[in-house]
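Written out below as structure tokens is the structure these notes cover.
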Amino acid sequence: MPRTHILALDQGTTSSRAIVFDHEGRQVAVSQKEYPQIFPQPGQVEHDPLAIWASQWSTAVDAMGKADLEPQDIAAIGIANQRETTLVWDRDSGKPVYNAIVWQDRRTAGECARLRAEGLDQLFAERTGLRLDPYFSGTKIRWILENVEGARAKADAGKLMFGTVDSWLLWRLTGRTVHATDATNASRTLIYDIHRGDWDDELLGILGIPRSMLPEVKDSSGIFGESQEGIPIAGIAGDQQAALFGQGCFSPGMAKNTYGTGCFMLMNTGWEAVASTNNLLTTVAWRIGGKTEYALEGSVFMGGAVVKWLRDDLQLIRTAEECEQVAATVADSGGLYFVPAFTGLGAPHWDPYARGAVFGMTRGTKRAHFCRAALESIAFQSAELAGCMVKDSGIPLKRLLVDGGAARSDLLMQFQADLLGVEVMRPKEVETTATGAAWLAGLAVGFWTSREELLKHQEAGKEFHPSRPGEDMSRMMDGWNRAVERSKGWADD
Ligand code: ADP
């Protein structure tokens with residue numbers, strides 16, 4: 001019997017998802033499970049590695065059950081994952097030595113500042129395309145080695161393994177036999193030379209990370225190993241790169257923005273690793289057939305997560321959808337600006353000490369203004385990224401392809417189109433991350449044969465056209481810029 005489907009695992013920051021695709025690229029079954037966020041201290045975010053694994057595994061079983069499929073029906077598994085999140089586990093027992101330190105976690109801000117003070121920013125930027133910010137894995141690995149009892153000695157003895165979430169899932173799926181990652185995930189670690197395509201011994205030395213801990217770096221589309229059920233794991237990419245692939249941004253100049261927990265704008269720059277002069281990152285888009293393609297990236301740490309925060313913490317709304325329903329009851333935010341710098345600011349500000357702030361509250365401020373300002377904050381931050389991207393690439397933005405959970409909000413998408421003054425195009429299916437993972441895996445096993453074939457699977461959704469005067473929007477952007485400046489440098493270490 002031919003294998004008829006592809007299983008995509010999308011291990012996100014707040015939930016694990018499994019999606020089954022058929023040969024026409026249609027999603028035939030979806031399963032999603034949220035798992036707990038751990039906040040040990042302000043600015044710190046952790047996940048339980050076993051909760052990551054358990055939630056991911058159960059959604060995989062559930063999705064296959066819903067689609068009435070057996071493992072022998074699955075041609076390949078593709079993995080897309082929250083990036084940078086850092087896990088270290090014991091090679092022999094397979095047990096994590098500490099919780100996963102999540103990409104949003106700021107605990108290594110001081111360490112990054114020290115390395116910057118030593119003048120190392122340039123070296124890290126040249127080799128890795130990144131900057132010395134706690135966002136990336138490198139300083140998180142070091143933190144675990146230095147703060148978990150016995151970890152340093154074990155690491156030096158070759159007994160520990162590091163992995164981003166993809167490696168952890170791969171290791172578990174293959175019955176603890178394969179320790180590997182793909183080039184996109186490696187490119188987010190601060191210890192990988194994106195030009196040579198290898199771990200960098202000098203950077204490893206600076207951060208005190210033994211090479212023996214590191215996974216083998218492989219193509220994003222290719223066989224990584226086999227699951228215990230006999231399914232090849234044939235595609236791995238960081239979630240943002242997977243979304244770029246799943247949006248069909250195959251040629252230089254094409255860009256997408258994903259509105260998930262954070263917002264991530266990536267532009268394909270082809271074979272050339274374009275160094276940013278506007279505080280963006282240079283990153284691996286994917287490596288296929290041994291050849292690396294690159295992207296420029298702008299990352300915002302709090303995107304759709306502001307809506308989750310309004311729902312779960314402030315309890316201003318009961319569901320994410322309610323945010324826009326409430327926001328739509330007012331014509332504008334009433335001068336309210338909400339800077340969600342809860343875990344510092346990412347691109348283009350890179351201030352780990354910024355914290356959340358609300359400006360412009362008056363006696364007339366209502367719940368609806370808060371909801372609206374929260375949604376608008378997502379668009380303001382994304383507009384800042386777009387501005388930098390245009391400057392770095394020299395390519396004017398003609399349209400923006402969007403995806404991710406919060407892209408479901410029409411109000412947010414319309415505001416984004418108004419703010420950017422370009423059309424915003426949302427595909428019918430906003431889960432392009434899973435699509436990208438499925439495509440990478442399907443291409444590797446010959447389930448699909450070419451990128452052209454994949455593009456035929458794309459279904460158009462809704463387009464949003466700019467409808468408000470440019471001067472109004474630039475006035476609002478000015479207000480936003482003032483608010484952002486005031487939120488900077490608030491926290492001390
Ligand atoms: P991730 O992969 O980072 O976990 P998702 O792409 O699933 O994120 O997006 C989830 C985020 O999108 C959540 O933070 C949620 O608050 C937000 N979100 C989901 N639906 C909506 C909606 N209809 N309106 C606004 N925000 C939404």
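Just so you know, ligand 1 is whichever comes first in the structure, and atom 1 is the first atom listed for that ligand. Please read all numbers here as calculations on a predicted model, not as lab measurements.
The protein heavy atom nearest to atom 4 (O) of ligand 1 is Thr14 OG1, 2.8 Å. Ranking protein heavy atoms by distance to atom 25 (C) of ligand 1, first place goes to Val307 CG2, 3.8 Å. Residue, atom and distance of the protein heavy atom nearest to atom 1 (P) of ligand 1 are Thr261 OG1, 3.6 Å. Of all protein heavy atoms, the one lying nearest to atom 16 (O) of ligand 1 is Gly304 O, 2.9 Å.
Phe162 and Pro215 get closest at one heavy-atom pair: O-CD, 3.4 Å. Of all non-hydrogen atoms in Gly344 and Phe301, the two that sit nearest each other are O-CD1, 3.9 Å.
Of the possible polar contacts, one joining the Tyr337 side chain to the Met476 backbone as a donor-acceptor pair under 3.5 Å is found. One N or O on the side chain of Glu322 and one on the backbone of Arg318 form a donor-acceptor pair closer than 3.5 Å. The backbone N or O of Leu266 sits nowhere less than 3.5 Å from a side-chain atom of Gln241 that would complete a donor-acceptor pair. The main-chain N or O of Gln56 is never found under 3.5 Å from a side-chain atom of Lys33 such that the two would form a donor-acceptor pair.
Atoms of ligand 1 lying under 4.0 Å from at least one heavy atom of Gly404, given by number and element, are 6 (O). Short contacts between ligand 1 and Ala305, defined as distances under 4.0 Å to a heavy atom of the residue, involve ligand atoms 14 (O). Ligand 1 places these atoms under 4.0 Å from at least one heavy atom of Thr13: 4 (O).
Residue Cys323 places every heavy atom at 4.0 Å or more from ligand 1.
No donor-acceptor contact under 3.5 angstrom links the side chains of Trp168 and Gln11, judged on distance only.
Here Arg17 has side-chain heavy atoms under 4.0 Å from ligand 1, and that is the only part of it that gets that close.
Checked against a 3.5 angstrom limit, the closest N/O atoms of Gln32 and ligand 1 fall outside it.
Residues satisfying the side chain to side chain contact (heavy atoms under 4.5 Å, CB included) test with Lys218, not counting sequence neighbours, are Ala180, Glu216, Phe224.
Residue Gly405 holds the heavy atom nearest to atom 6 (O) of ligand 1 of all those in Ala243, Ser409, Gly405, Ala406.
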